Amino acid sequence: MIGVTVLGATGSIGVSTLDVITRHADRFRAIALTANTDAEQLADQCRRHRPKYAVMADADAAKRLRGLLADMPECPEILSGVAGLEQVAVLPESDFVMAAIVGAAGLRPTLAAARAGKRVLLANKESLVVAGALLMEAVADNGAELLPIDSEHNAIFQCLPPNFADGLEAVGVKRILLTASGGPLWNWPIDRLASVTPEQACAHPTWAMGRKISVDSATMMNKGLEVIEACWLFGTDTDHIEVVVHPQSVIHSLVQYEDGSVLAQLGHPDMRTPIAHAMAWPHRLDSGVTPLDLFSVAHLDFHKPDLLRFPCLGLAFDAARIGGTAPAVLNAANEVAVAAFLDRLIDLPGIAAVVGETLAALPNETVSGQGLEFLLDVDQRARNCAQQLVRARAN
Ligand code: NAD
Ligand code: MG
């Protein structure tokens with residue numbers, strides 16, 4: 001039996017992960033489940049999956065969970081806070097850790113899992129954006145495995161040879177073609193983007209996801225974060241990554257080789273495919289996803305991204321090129337700005353404005369030789385700056 005810790009069990013990725021675990025209950029067992037504040041949903045998941053541990057983000061939520069599970073025989077041990085998340089990320093009974101918390105909040109437990117030598121199933125792309133060097137180093141130094149869950153990166157991983165860590169040039173790769181759906185605002189008139197509501201921004205045409213990543217898809221910041229994620233995962237740089245808008249979300253990304261070959265991974269836009277792939281790797285597992293029928297897909301379209309419509313994508317490319325603390329600042333400012341947009345404090349174009357102004361306001365610092373505390377401090381300073389900019393815009 002393979003033990004699995006699911007960080008962010010109540011989210012979109014967490015629920016899909018538990019679906020794959022349920023389909024293969026003879027192979028996988030949920031050892032620990034975690035959630036932010038939704039004690040009701042976590043209680044329900046605990047009754048169905050009987051984990052040994054359950055973690056809520058704070059003591060109040062943990063108290064509510066204890067109340068909800070009071071009558072459960074073999075009730076899980078209930079923990080709370082970052083210490084609880086780190087504890088369940090390193091359990092000896094957990095072989096795999098699904099990192100599916102949203103945002104920089106996922107960094108500490110993801111890093112702890114890597115340091116404990118786990119197979120880390122990485123959905124939480126923000127961890128790599130904030131602390132790519134630290135996380136990659138923790139994986140390499142502790143014999144951990146880092147398997148990408150983000151559909152594009154999982155696709156690229158599937159299209160690369162097993163020895164890609166020797167360097168993409170060494171294995172004959174010319175460049176990575178990172179596909180993007182373009183999101184729900186792909187062909188909205190630019191002059192109407194200021195009127196987009198949170199509901200419209202979250203109405204993704206091809207993927208059902210959490211609210212933060214849905215807004216990131218609408219601004220294409222998601223693709224920008226994914227460019228940075230790809231640089232770390234595949235040891236490359238922005239000159240070797242091209243973003244291709246592909247509205248059908250059937251091709252999940254492609255790898256172009258020097259001999260003219262282009263390899264792609266295709267499938268229905270359903271996150272259970274990359275989740276099952278990473279859980280079974282190097283083998284395969286039934287994910288429950290309907291087989292792809294190319295006749296019903298019929299057309300595959302490709303477009304260049306429009307950086308005027310999607311300034312967040314340009315900001316992310318710039319941050320990736322500049323390096324240092326720029327990606328961490330970009331991420332923190334974006335988290336603050338997206339939350340403000342969802343709270344209707346700023347409009348959609350305000351997200352790129354807040355991110356751009358935060359990047360301009362803070363000095364770029366080198367990260368080499370720096371540890372987690374330094375990065376968390378950068379993250380906090382960027383959040384404070386972005387909050388001020390949000391308040392100024394909201395007035
Ligand atoms: P979601 O909002 O649906 O779920 C987030 C999970 O994290 C929930 O379980 C929530 O309770 C928990 N959480 C939130 N804030 C927390 C905090 N401060 N402390 C502890 N737990 C907290 O998000 P999602 O769509 O499942 O995305 C999760 C991650 O996976 C994100 O990093 C996202 O970018 C990435 N991802 C998601 C998809 C997708 O299809 N949903 C695809 C690719 C990558
Ligand atoms: Mg993705």
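In each ligand, atom 1 is the first atom listed, and ligand 1 is the first ligand listed. Positions are given from 1, in the same order as the sequence printed here. Keep in mind it's a predicted model, so treat the numbers as computed, not measured.
Looking at N364 and T325, their side chains do bring a donor and an acceptor atom within 3.5 Å of each other. With no hydrogens or angles considered, no side-chain donor-acceptor pair links K118 and N142 at under 3.5 Å. With no hydrogens or angles considered, no side-chain donor-acceptor pair links H153 and E226 at under 3.5 Å. There is a side-chain donor-acceptor pair under 3.5 Å between H204 and S181. Checked by atom type, the side-chain pair D19/T22 shows no donor-acceptor distance below 3.5 Å.
Ring centers of W186 and H246: at least 6.0 Å apart, outside the cut-off.
For a heavy-atom separation below 4.0 Å, the residues in contact with ligand 1 are G8, A9, T10, G11, S12, I13, A35, N36, A100, I101, V102, A105, A123, N124, K125, E126, D150, M209, G210, I213, M271.
Comment: R393 engages E357 in a salt bridge, judged by a side-chain N to carboxylate O separation of less than 4.0 angstrom. Salt bridge E335/R211: absent, no basic N to carboxylate O contact under 4.0 Å.
Counting only protein N, O or S atoms closer than 2.8 Å to the Mg ion (ligand 2) gives 3.
Between A201 and F341, the shortest heavy-atom distance links the atoms CB-CE2, 3.7 Å.
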